[in-house]
Amino acid sequence: MAKRVFLIVLDSFGIGEAPDAAKWGDEGSNTLAAVCSFSNKPYKNLAKLGLFDIDGHRDERILKYISNQESADLPQPLGTYGRLVELSEGKDTTIGHWEIADIISSEPLPTYPDGFPDEIIAQLSKETGRRIICNKPYSGTDVIRDYGAEHMATGALIVYTSADSVLQIAAHESIIPVEDLYEYCRTARRIMTGKHGVGRVIARPFIGLNGNFVRTERRHDFSLVPPHGNMLEVLKSKNFDVISVGKIVDIFAEQGITEAYRTHDNTDGINKLIEIMDTDFNGICFVNLVDFDMKYGHRNDIMGYAESLHEFDDALDTILDKMDADDLLIVTADHGCDPSTESTDHSRECIPLMVYGEGHMNPVNLGCVMGFNHISTIVYNSLLCNDEHGISDKKDFAPATMSHRIDSANIMSYVDLTNLKTTARLEDIYKLIDTAVEQKCASVCIQPCNVRDAYIYSAGRINICTVIGFPNGYNTTSCKVFEAEEAIKNGASEIDMVINLNYVKDERWADLEKEIAILSDLCHRHGAILKVIIETCSLTDDEIVKMSQIVTSANADYIKTSTGFGSEGATVKNVMLMRDNIGPDVLIKAAGGIRTTDSAKSMIEAGASRIGASGIKFSSPTEKF
């Protein structure tokens, strides 16, 4: 399989409205169509990679462009090509790149169309020691034009946002040195967590005189830390090189990166990519070319967008020529930013997928595929089956970690549909899977012995969850590690682990945290998530508080109330107690005795985002949540 993968993101190069574009106010958006409307000049290499053969091109501007091309300018595609539809709730850079890396975001990142709340501004001003001005959605060039003079006269920070999930701070380099501006942004990043966890805090330094202010190239992004188990972390944990070019290192908050090269513009990014192609490495080179979005999409500059795309198309001559026999090239995007619409914001669009090289040397039309994370599957299957690297972990087409999307109108979307009976037959597990898929549940939670069969039968239709250290939790850590690793290799993407209650009663808090941290790290390295069952019925309130804190510090994904085998299941009181004592990145699963919509609703209102149940009884066939 492949030794080197070159994954290039043409930032904002959408190819037409997503199926849910209307929800985002983006009906009719089509970045590719806007670019094609500029001229009939051929994109010979993008055409060879299949850009104009992708299913679903309906915009008249694209169809007219295609009809105006000579046959020689639209050759048969070389490799794999297709149209990808975003699953995550969002249309920004962070969420798009995260989904490429196997993270599905079920909730949109927060935006601030009316500016940031007073308490945020007050805290930022207090911690930086500077007054805040603007605090509105603004264009980056307009904001320094309108507020630059006041900033220079007073030293106040220009804080603004956009339609994206960002907090931006602009400052003149002669008033606030760049390193000081970066430190203010780090402060803002610490403040903007939890419900205010914006995708990026961005430093925007500028220079010049009033009336002629110019932003400099010393922009720096401080991103929200991505969830564990993403493609970059998985590859790094398996000793692959993970090389970042451009703002990839910022988008992933430096997590999972082994080597990073920041860039000034597209030309610099392309040149750095070509230089890296002359080096010997084993892994992935992940590239972001930001000018398409930052310089042209957001400024509605169709000509600039088209000319920049031609620059990349021309560079593909060199890139394709430098590819070794065991290299793989993937060209894609992260969202749209149609420069032909009135809006200057990102647009909810499908993205192109063009793949050429090892394992993808013949034309294959994928059609329309759900999920940008299909890209991570291609990467995994290209690198993780590399026998020379000592790895043969082929990734099947299973749901990605944290891929489930909650539907507030469907109570079953919160449910891990469960069958942990000791007498369950395989046909019962298959029935459970079919029911869970039909009802759009979060996962099926089953016995470890049935995981592999369930994984094969489910064929990627539902997440497979299983239990370890179940139900008593007093197994040694090494036993739990073995159980978890085997379950993940068999196809489980969610692990529910019972804590050692003996340790709780002996107040062996350090041992408990160490065990959970070991299991958490194991799950995340393999792309799975960890839910920690604390069996609340056996704990005092103080012990529940302490375990909530330990589960947070040990970096688990969920804290879970019960095994269902204890003296009592979940209670609203205990869910609320956990909610008030866990960190912002930990979720709650309530399990045990939850059998009706009313009981499930009470747990969700108390703070649970997952419900463990063998089924939910509805009051009537038409009952809605």
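Owing to the predicted nature of the structure, the values given are computational and were not obtained by experimental measurement.
- Taking the side-chain contact (heavy atoms from CB on, under 4.5 Å) definition, one finds that Pro19 meets it with Val85, Cys350, sequence neighbours left out.
- In terms of heavy atoms, Pro77 sits closest to Asp53 at CG-OD2, 3.4 Å.
- Atom NE2 of His524 and atom CG of Asn555 lie 6.0 Å apart (nearest 0.5 Å).
- Identified under the salt bridge (Lys or Arg N to Asp or Glu O under 4.0 Å) test for residues 138-151, with sequence neighbours left out: Arg131-Glu150, Asp142-Arg145.
- Here CG of Leu32 is found 5.5 Å from NE2 of His57. Values are rounded to the nearest 0.5 Å.
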Begin from the C-alpha positions of Glu358 and Ser382 and carry the test side chain to side chain donor-acceptor pair (under 3.5 Å) through to its verdict.
CA-CA 8 Å; Glu358 172 60 37; Ser382 296; over 6 Å; no

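- With sequence neighbours excluded, the residues forming a salt bridge (Lys or Arg N to Asp or Glu O under 4.0 Å) with Arg186 are Glu183, listed by chain and number.
- Contacts of Asp314 classified as side-chain contact (heavy atoms from CB on, under 4.5 Å), with partners at least two apart in sequence or in another chain: none.
- Under the ring-ring contact (aromatic ring centres under 6.0 Å, His included) criterion, Tyr184 pairs with no residue, sequence neighbours left out.
- With Gln69 contributing its side chain and Asn40 its backbone, the two residues share a donor-acceptor pair below 3.5 Å.
- Salt bridge annotation for Lys322-Asp278: present, with a cationic side-chain nitrogen under 4.0 angstrom from a carboxylate oxygen.
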Walk me through it: do His151 and Phe206 pass the test ring pair (Phe, Tyr, Trp, His ring centres under 6.0 Å)?
CA-CA 11 Å; His151 159 72; Phe206 63 97; 5.8 Å; yes

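- No side-chain donor-acceptor contact under 3.5 Å links Glu254 to the backbone of Val249.
- Within the structure, salt bridge (Lys or Arg N to Asp or Glu O under 4.0 Å) contacts touching residues 206-222 (residues at least two apart or in different chains) are Glu173-Arg218, Arg200-Asp221, Arg219-Asp221.
- Between Ile133 atom CD1 and Ile121 atom CD1 the span is 11.0 Å, to the nearest 0.5 Å.
- The aromatic rings of Phe252 and Phe286 lie tilted to each other, with the angle between the two planes from 30° to 60°.
- With contacts defined as side-chain heavy-atom distances shorter than 4.5 Å, the pair Asp317/Lys44 qualifies.
- Taking the six-membered ring for Trp and the full ring otherwise, the centers of Phe52 and Tyr65 sit less than 6.0 Å from each other.
- Between Ser165 and Thr94, the closest side-chain pair of non-hydrogen atoms is not below 4.5 Å.
- Residue pairs meeting the salt bridge (Lys or Arg N to Asp or Glu O under 4.0 Å) criterion with at least one partner in residues 287-308, sequence neighbours excluded, are Asp291-Lys295.
- A side-chain donor-acceptor contact under 3.5 Å links Asp334 to the backbone of Ser12.
- When atom types are taken as modelled, the side chain of Gln255 and the backbone of Pro226 share no donor-acceptor pair closer than 3.5 angstrom.
- Taking the ring centroids of Tyr147 and Tyr138, they lie under the 6.0 Å cut-off.
- A salt bridge links Asp280 with Lys3; the closest basic N to acidic carboxylate O contact falls under 4.0 Å.
- Pairing each heavy atom of Arg4 with each of Ile276, the nearest pair is NH1-O, 3.9 Å.
- A heavy-atom distance below 4.5 Å is not found between the side chains of Thr128 and Ile169.
- Listed for the Thr552 side chain is a donor-acceptor partner under 3.5 Å among the backbone atoms of Gly583.
- In terms of heavy-atom proximity, Ile175 sits nearest to Met152 at CD1-O, 3.8 Å.
- Side chain of Asp102 to backbone of Asn373: no donor-acceptor contact under 3.5 angstrom is found.
- Not less than 6.0 angstrom separates the ring centroid of Tyr380 from the ring centroid of Phe240.
- No side-chain donor from either of Gln168 and Ser162 sits under 3.5 Å from a side-chain acceptor of the other.
- Considering every non-hydrogen atom in both Ser105 and Ser88, the closest pair reads N-OG, 2.9 Å.
- A salt bridge is defined here as a Lys NZ or Arg NE, NH1 or NH2 lying under 4.0 Å from an Asp or Glu carboxylate O, and Asp345 with Lys91 fails to meet this definition.
- Contact check for Glu275 versus Thr279: no side-chain heavy atoms found under the 4.5 Å cut-off.
- At a threshold of 4.5 Å between non-hydrogen side-chain atoms, the residues Arg83 and Leu353 do not count as touching.
- Checking side-chain atoms of Thr31 against main-chain N and O of Cys337 turns up a donor-acceptor pair under 3.5 Å.
- Glu86 pairs by the salt bridge (Lys or Arg N to Asp or Glu O under 4.0 Å) definition with Arg348, not counting sequence neighbours.
- The side-chain heavy atoms of Tyr43 and Val35, taken from C-beta on, include a pair separated by under 4.5 Å.
- At least one donor-acceptor pair closer than 3.5 Å links the side chain of Glu349 to the backbone N or O of Gly16.
- Between the side chains of Ser343 and Thr341, no donor-acceptor pair is found at a separation under 3.5 Å.
- Looking at residues two or more places apart in sequence or on another chain, you find a side-chain contact (heavy atoms from CB on, under 4.5 Å) between Ala333 and Phe13, Ile351, Pro352.
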Checking side chain to side chain donor-acceptor pair (under 3.5 Å) for the pair Asn288/His97: CA distance, chi angles, key distance, verdict?
CA-CA 10 Å; Asn288 174 280; His97 281 78; 3.2 Å; yes

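- A 4.5 Å side-chain heavy-atom check between Leu273 and Leu289 finds every atom pair outside the cut-off.
- Between the side chains of Ser347 and Asp338, no donor-acceptor pair of N or O atoms lies under 3.5 Å.
- Legend: residues meeting ring-ring contact (aromatic ring centres under 6.0 Å, His included) with Tyr182, ordered by chain and number and at least two apart, are His220.
- Between Met231 and Ile284, the shortest heavy-atom distance links the atoms CE-CD1, 4.0 Å.
- Looking at Ile132 and Phe116, their side chains never come closer than 4.5 Å, going by heavy atoms from C-beta outward.
- Taking the salt bridge (Lys or Arg N to Asp or Glu O under 4.0 Å) definition, one finds that Asp59 meets it with Arg61, sequence neighbours left out.
- Of the possible polar contacts, one joining the Asn266 side chain to the Val290 backbone as a donor-acceptor pair under 3.5 Å is found.
- Atom CG of Leu209 is surrounded by 12 or fewer heavy atoms from other residues, nucleotides or ligands within 6.0 Å.
- Applying the ring-ring contact (aromatic ring centres under 6.0 Å, His included) criterion to His298, with sequence neighbours excluded, gives His346.
- In this structure, CG on Leu51 lies 9.5 Å from CG on Leu10, to the nearest 0.5 angstrom.
- Ion pairing between Lys23 and Glu89 holds under the 4.0 Å rule for side-chain N and carboxylate O.
- Distance alone, capped at 3.5 Å, places no donor-acceptor pair between the His335 side chain and the Gly14 backbone.
- Considering every non-hydrogen atom in both Tyr305 and Pro339, the closest pair reads CD1-CG, 4.1 Å.
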